[in-house]
Structure formats: structure tokens, C-alpha cells
Amino acid sequence: MFLCWHFSLQINRLSDEIARYIPVKFENSKQLDILKYKAKIDKKLQNIQSIFSLPMFLIIVANFLMCCSQLGGALIKIEFDDYNLIFVFYFINAVLCIVTTLWVAGSVPIQMSRFKEVFHQVTHERLLYYHTTDEMHLKMDLFHEPEFVFTGCNIISYRRSTIPALIGTLLTYTVLALSLDESYAACK
């Protein structure tokens, strides 16, 4: 997660650097330098994805199942006295692990999108005011590259919008499992 946060901050710094340029100073050589640095970041992000895809997926699944079991225990009315209070801490820990992972990993696509917007804005102003069409291929190449999003084994996209989806899934399936358990107990 630290690496995701680190590269998210680097992309943000690049965006801020581009935003400080006035169009006349954002020459082809400056654009190339920034795009080369971004390409290095992209390569490092791809390496992170290939190394940590499976472990992070398993961590999220384990914490999700921990949340299900703790929430299920609360819904079937397990009394949480001082001895059982540790289960509340397990639940909070699991939820925070999932939310933190998705929040931090989800910051990378947000910063990438911001980078593209700022780059587009400055190069577009440069095109309009100075009629410099020679750097259009740089801009087109940047906007045709696919959006980078961390995934867990290509099953879960690590976006911030995944947080409410996982929480909704957690609640839905926990209640469903409890209703099935109650209907099974009523049949006996």
C-alpha cells in the first residue's frame, strides 16, 4: 500500500508541475521529459500489479470473510460481553483493512486522470494560442493509453467506488445467510 501511495503522490507532483507551466514555456522537450518520467512510474506500477495482485486479493478476501463472520455473529445475537468484545475489534480491523487498501490503491487512477486533464489543458492552450501542432502526437499517445487500475487477480478492481459495493455485498449476503439459517432451523 505504501508503494501505491508513493506513486500516487509522484503522479500528483507531476500534475502540479504541469499546471505551473504557462503554455509558451511547455515546450516539446518539457513534455517529453514529463512523459518519460510518467512512463517510468507506469512501469513500476505494472510491476507492483504483477507482484502484489494475488497477495492483496487474498488479504481482501480474508478480511471480507472475517467481516461476514463477525457481522453474522452480531446478527444471530451473540452477546458481546468483555470476553467476546475482541470480536468487535476483529470486525473493525477487517473493515479498516479493506477500506484502506481500496482507498489507497484507488487513488492511483484518480491521480492518473488528473494528470491527463492537466496535460490536456496546458497543451490545448498551447495549441490554441501558439498554433503548435507538432506535439499533437504526444498528446494523442497519452490519451489513447488504457486507464491503469490495480486489480486483485483481475476479479476486483481497486477503486474507491468498490468500497460501497463491498459493504453492500457484505450486508446482503450476511442477511441472506442468516435468513437461510433461520428457515433451515424452522424446518427442523
Side-chain angles (χ1 to χ4, degrees), residues 1-16 38 40-118 145-188:
M1 266 195 322
F2 173 75
L3 292 173
C4 293
W5 188 256
H6 173 72
F7 288 117
S8 177
L9 289 176
Q10 282 191 342
I11 296 165
N12 188 35
R13 284 187 201 118
L14 271 178
S15 300
D16 290 343
K38 184 189 171 294
K40 288 179 185 178
I41 293 173
D42 290 346
K43 187 171 183 168
K44 291 175 184 176
L45 288 172
Q46 289 295 338
N47 289 339
I48 292 170
Q49 170 66 25
S50 64
I51 293 169
F52 292 110
S53 177
L54 179 63
M56 288 310 296
F57 176 71
L58 295 176
I59 288 170
I60 286 179
V61 168
N63 282 292
F64 183 78
L65 293 174
M66 175 69 76
C67 289
C68 288
S69 66
Q70 299 305 315
L71 193 57
L75 291 175
I76 61 171
K77 313 264 190 296
I78 290 179
E79 294 182 24
F80 291 105
D81 56 9
D82 291 341
Y83 179 71
N84 290 332
L85 195 58
I86 194 159
F87 293 111
V88 173
F89 292 113
Y90 285 147
F91 179 77
I92 292 171
N93 182 41
V95 168
L96 288 178
C97 182
I98 292 170
V99 169
T100 304
T101 301
L102 294 175
W103 190 266
V104 171
S107 67
V108 172
I110 292 170
Q111 292 304 326
M112 289 285 204
S113 177
R114 180 173 176 263
F115 174 84
K116 286 181 179 181
E117 288 172 14
V118 171
E145 72 181 27
E147 181 182 22
F148 181 83
V149 177
F150 285 109
T151 63
C153 296
N154 290 325
I155 297 172
I156 298 175
S157 294
Y158 297 157
R159 295 178 176 270
R160 291 182 178 175
S161 61
T162 308
I163 296 169
L166 280 179
I167 291 172
T169 303
L170 171 71
L171 293 173
T172 301
Y173 283 107
T174 303
V175 170
L176 180 64
L178 286 175
S179 67
L180 288 175
D181 187 48
E182 289 175 3
S183 64
Y184 177 73
C187 291
K188 284 186 173 185

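For reference, positions follow the sequence shown, starting with 1. All values below were derived from every heavy atom in this structure, side-chain atoms included, with hydrogens, water molecules and symmetry-related copies excluded. Here the structure is a predicted model, which means the values were calculated and not measured.
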- Item | Residues that K116 engages under side-chain hydrogen bond (donor to acceptor under 3.5 Å, both in side chains), provided they are two or more places apart | none
- Item | Contacts of S107 that satisfy side-chain hydrogen bond (donor to acceptor under 3.5 Å, both in side chains) - sequence neighbours left out | S8
- Least distance between heavy atoms, T172 atom then G168 atom: OG1-O, 2.7 Å
With rounding to the nearest 0.5 angstrom, report the [atom1] to [atom2] distance, [X] to [Y].
| X | Y | atom1 | atom2 | value |
| --- | --- | --- | --- | --- |
| L171 | L176 | CG | CG | 12.5 Å |
| S15 | R13 | OG | CZ | 11.5 Å |
| Q10 | N12 | CD | CG | 11.0 Å |
| F115 | D16 | CZ | CG | 11.5 Å |
| Y158 | I163 | OH | CD1 | 12.5 Å |

- Message: Counting C-beta onward and ignoring hydrogens, is there a side-chain heavy-atom pair between M112 and K38 closer than 4.5 Å?
- Response: yes
- Item | Flag side-chain contact, heavy atom, 4.5 Å: F7 against I48 |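 A side-chain contact exists here, since the closest heavy-atom pair is under 4.5 Å.
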- Message: Donor-acceptor pair, distance only, cut-off 3.5 Å: does the side chain of S50 make one with the backbone of N47?
- Response: yes
- Apply side chain to side chain contact (heavy atoms under 4.5 Å, CB included) to E145 and D42, showing your working. CA-CA 11 Å; E145 72 181 27; D42 290 346; 4.0 Å; yes
- Tell me, which pairs form a salt bridge (charged side-chain N to carboxylate O under 4.0 Å, His left out) where one or both residues lie in residues 151-170, sequence neighbours left out?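 Pairs touching residues 151-170 that pass the test: E147-R159.
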For residues 93-105, run the donor-acceptor check on the side chains, cut-off 3.5 Å, and write out each pair with its distance to 0.1 Å, sequence neighbours left out.
| residue | atom | partner | partner atom | Å |
| --- | --- | --- | --- | --- |
| T100 | OG1 | L96 | O | 2.6 |
| T101 | OG1 | C97 | O | 2.7 |

- Step through the shown structure and confirm whether more than 12 heavy atoms of other residues, nucleotides or ligands are within 6.0 Å of CZ on F148.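 Enclosed: over 12 neighbouring heavy atoms sit under 6.0 Å from CZ of F148.
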- Query: Under the side chain to side chain contact (heavy atoms under 4.5 Å, CB included) criterion, do V118 and R114 qualify, and how do the steps go?
  - Reply: CA-CA 6 Å; V118 171; R114 180 173 176 263; 4.3 Å; yes
Taking distance alone, no hydrogens or angles, what donor-acceptor pairs closer than 3.5 Å link side-chain atoms of residues 149-156 to residues at least two apart or in another chain?
| residue | atom | partner | partner atom | Å |
| --- | --- | --- | --- | --- |
| T151 | OG1 | Q49 | NE2 | 2.9 |
| T151 | OG1 | N154 | OD1 | 3.1 |

Could you pull out all donor-acceptor pairs under 3.5 Å where a side-chain atom in residues 56-69 meets a protein atom, sequence neighbours excluded?
| residue | atom | partner | partner atom | Å |
| --- | --- | --- | --- | --- |
| N63 | ND2 | I59 | O | 2.8 |
| S69 | OG | L65 | O | 3.4 |
| S69 | OG | M66 | O | 2.9 |

